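Shown next, in C-alpha cells, is the structure this report addresses.
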Amino acid sequence: MSTKSTPGIDGSGAPDHPSRSDGFVRGLSGLIGGPLGDHAVGRDRPVGAENRLWTAVRIVLALTCLTLALHWVQKSPCQDGAWVNNEQYTRFCYTDVLALYYAERLNEGAVPYRDHPVEYPVLTGYFMGALGLPVHSAGDGNPDMNQGQWFYNLNALVLGALAVVTVAVILALRRRRPWDAALFALAPALLLTATVNWDFLAIGLAALGLLAWARSGPGPKGTMLVALSGVLLGLGGAAKMWPLFILGPILVLALRANRIRAALLSIVTAAVTVVLVNLPAAIPYRDNWDRFFELNTTRPIDWGTFWYIGRYLDGKFGDPASIGPFQWLDANIPTLNYLSYALFGLACLGVGALALLAPRRPRLAQLAFLVVAAFLIFSKVWSQQFVLWLLPLVVLARPKWGAFLVWQAAEVCYFIAFYGQLLGASTGTPVFPEGVFVLAASLRLAAVVALVVLVVREILNPEQDAVRRNYADDPDGGLLDGTPDAPWLDRWRSRRSTIEPTPTPVAATT
C-alpha cells in the first residue's frame, strides 16, 4: 500500500541538498570545504517560500541557458553551410538541421510531404516546413541572405526554448529536489547534441505530457489532465515515435493501482492525436508520407548499435570462411527487424512484470526510462543525438551524480569517436582503427545497461531510491500517487504466501 506524498522526510518541505544526500557530491564537496553545514540547512525555507534572488530553480535555468549558448558557439563554425575540408567533422559541428534544409528541398520552397518525401514522422516534417518555408520566402530573390544559416538559427532558438521548457518541467516535478535538474542543465550531451536534429520537439512535448499526467487527480479537472497527457504524448509520438512508449508504463502502473480507466483514456487520446496529425499528409501524399516507414524497414545495421558491435566481432574473431550471425542479419534485414522488435517486446514484458511484482509500486519515471533505454539497446539505429531522449528520464528516474557522470563520459567518448568515423568515411582514410570506434560504442552501451541495472535494483529495493527520501510515493504518478495497490494484487500475494511452504527448522550440528 502507498501513502500520499508528504512534504519531505521531516515534513518541512525543505529542498534536498546534494552535498549531504548524494555520496558522490558529498565526497567532491570536500575540495571546497565539505557538505553544506547544519546552520545553512537550518535557515532553509519550505519549498516555494524562498526570498533569495538566486534560488536553486533560477540557478538551474540560468545554467541551462548557458549550456545552450555554449552549444550554439560550438556549432557556429558550421552555420554558414560552406563546409570545406570536412570542417563539419573536424570541428564536431555537423547538424542535420542545416544539411536537411537543402536535402529536403526547403531551400526551393518544397512543402514537406506534398512536394518531397520526408524521412521523419509527420510533426517533425510539419515543424521543418513551418520554419523553413518562411525563411525561403524571405530569402527568395535576396542573394545576400544565407537561408541555411537563418534556418538553423531559427531552429536553434525554438529547440533551445523547448530544452528550457523540459528543464522547467523537471523543476516542477521535483520541487523538493531542484538540484536534480542541474544534471540536465550541465550534461555534456546537451552541450554537444542539442540541435544536431529536431529531437527536442518530441522531448519537450513528452515532458509536458508527463507533467500533465503528474498533475492529474480525481474529478473533472483530473480527467481533463489525463486526456491532455495523452494528447501531448501523442504529439510527441508524431514527432519521434519514442514518447508513445511512455504509455506502456502508465498502463501497467494503472493496472496495479486499479486505475485502468484513466490509463485507457490517456492511451486513446494519444492514439487519436497521432491519427489526426498524420491524416493531412497520409491521405493525399501516401507515398511521400510512407518514406519514414520505408526507410526504417529497409535500413541495415547502423553505426554504434549493439548489432554493429556484434557484426564487428563476427569479422574479427569469426571464421573468415563463413558468415557470422550478425553479418548474416545485416544481409537479411527483415529478420533483423523481427529480432529487434522481439527483443524490445520481451524487454517491455520484463518491465511490466517488474512493475507488477516489485515490493512497492515503481515510479513512472523509472519504468519510462527502462522502456526507452531498452528500445535504444536493441534498436538497429542509435544516432548520436538519441542520448537526449534518455537525459530527462534519467534525471527523473535516478538523480545520482556518480553513475550519471560515468554515462556522460561514455557518451562524450562515443561522440568523439563517431566524428572520427564520419571523417574517415568522408576522406577514405581512417582516422583511427575501427576497434577504437567499436570500443567507444561498447562503453556507451555498457553505461546505459549499467543505468538500467541500477534503476531495477532501486525498484526492487525502494529504500535506496533517492527520490523517495523526499516524496512518500511518486511525484510523477498523478492520480496514482498515494493510491493503494489493487485488491486483486493483494489477494494474489495472500494466496502466494499460503502456498509457499514454511521452512522446516534444521537442528544445529557441531
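Nothing fancy with the numbering, it's 1 onward along the sequence. Note that this is a predicted model, so its numbers are computed, not measured.
Panel note: side chain Tyr126, backbone Val277; a donor-acceptor pair is recorded below 3.5 Å. Side-chain N or O atoms of Arg291 include none that pairs as donor or acceptor with a backbone N or O of His116 at under 3.5 Å. Although no hydrogens or angles enter the test, the distance criterion places no donor-acceptor pair under 3.5 Å between the side chain of Ser383 and the main chain of Phe386. Under a 3.5 Å cut-off, the side chain of Thr64 and the backbone N or O of Ala185 do not form any donor-acceptor pair. In this structure, the side chain of Glu458 does not engage the main chain of Arg398 through any donor-acceptor pair within 3.5 Å. Asn288 places a side-chain N or O within 3.5 Å of a backbone atom of Tyr113 that can act as its donor or acceptor partner. When atom types are taken as modelled, the side chain of Lys380 and the backbone of Asn296 share a donor-acceptor pair closer than 3.5 angstrom.
Under the 3.5 Å distance criterion, with hydrogens and angles disregarded, no donor-acceptor pair is assigned to the side chains of Trp382 and Asp302. Under 3.5 Å, the side chains of Gln421 and Glu434 contain a donor-acceptor pair of N or O atoms.
Atom CG of Asp287 has 12 or fewer heavy atoms from other residues, nucleotides or ligands within 6.0 Å.
Within the structure, disulfide (SG to SG under 2.5 Å) pairs that include any residue of residues 328-415 do not occur (at least two apart or interchain).
By the side chain to side chain donor-acceptor pair (under 3.5 Å) test, Arg91 pairs with no residue at all, sequence neighbours left out.
A cation-pi arrangement is absent between Arg174 and Trp179, since the terminal nitrogen or guanidinium carbon is not both under 6.0 Å from the aromatic centre and inside a 45° cone about the axis. A cation-pi arrangement is absent between Arg311 and Phe326, since the terminal nitrogen or guanidinium carbon is not both under 6.0 Å from the aromatic centre and inside a 45° cone about the axis.
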CA sep, side-chain torsions, deciding dist, call: Arg363, Asp465, salt bridge (Lys or Arg N to Asp or Glu O under 4.0 Å): CA-CA 10 Å; Arg363 294 187 291 106; Asp465 185 357; 2.8 Å; yes
